[in-house]
Amino acid sequence: MSIGRYLGYAGGILAIVAGIVSIATRKPLASYIFGLTLVEGNVLIIMGLIGLLGGLVAIYYSYRGNGLYVIIGGILGLLAPCALSILAVIGGYLMLRSKPGE
């Protein structure tokens with residue numbers, strides 16, 4: 001298994017966690033980690049759902065080996081807001097760049 005898949009899994013899992021935190025608390029995960037709050041309130045429920053969906057897409061297509069959809073899932077995961085879902089974007093790019101069968 002390539003490093004791109006591992007990064008896709010990691011970015012997807014982090015996007016799911018950030019989405020769940022955004023939905024449950026209506027505060028971004030970054031506010032708990034860094035004390036930084038840019039957005040707060042009911043809009044985070046919608047952003048959390050989009051981030052949760054993006055995390056699921058990133059994990060599923062990391063398993064399937066389709067780098068383009070992993071990139072799309074990572075971008076959707078950024079809306080959670082979760083900056084660490086950029087790992088899925090990097091992983092998807094690495095999956096596109098790798099040779100088939102690696």
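What you see below is based on every heavy atom in this structure, not just the backbone, and it leaves out hydrogens, waters and symmetry mates. By convention here, the first residue in the shown sequence is residue 1.
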(message) What's the separation between atom CD1 in I86 and atom CD1 in I71, rounded to the nearest 0.5 Å?
(response) 10.0 Å
In a table with atom names and distances, give each donor-acceptor pair under 3.5 Å that connects a side chain of residues 44-52 to protein atoms at least two apart or in another chain.
none

(message) For residues 74-87, which residue pairs pass the side chain to side chain donor-acceptor pair (under 3.5 Å) check, not counting sequence neighbours?
(response) none
Which side-chain N or O atoms in residues 3-24 pair as donor and acceptor under 3.5 Å with protein atoms at least two apart or in another chain?
unit_1 : atom_1 : unit_2 : atom_2 : d
R5     : NE     : S62    : O      : 3.4
S22    : OG     : A18    : O      : 2.9
S22    : OG     : A80    : O      : 2.8

(request) Working to the nearest 0.5 Å, report the span between CE of M95 and CG of N66. (result) 7.0 Å
(message) Taking ring pair (Phe, Tyr, Trp, His ring centres under 6.0 Å) as the cut-off, I'd like each qualifying pair that reaches into residues 45-72, sequence neighbours left out, listed once.
(response) Y61-Y69
(request) Could you pull out all residues at least two apart from R26 that satisfy side chain to side chain donor-acceptor pair (under 3.5 Å)? (result) N42
(request) Check whether any side-chain heavy atom of L29 lies under 4.5 Å from a side-chain heavy atom of L84, and answer yes or no. (result) no
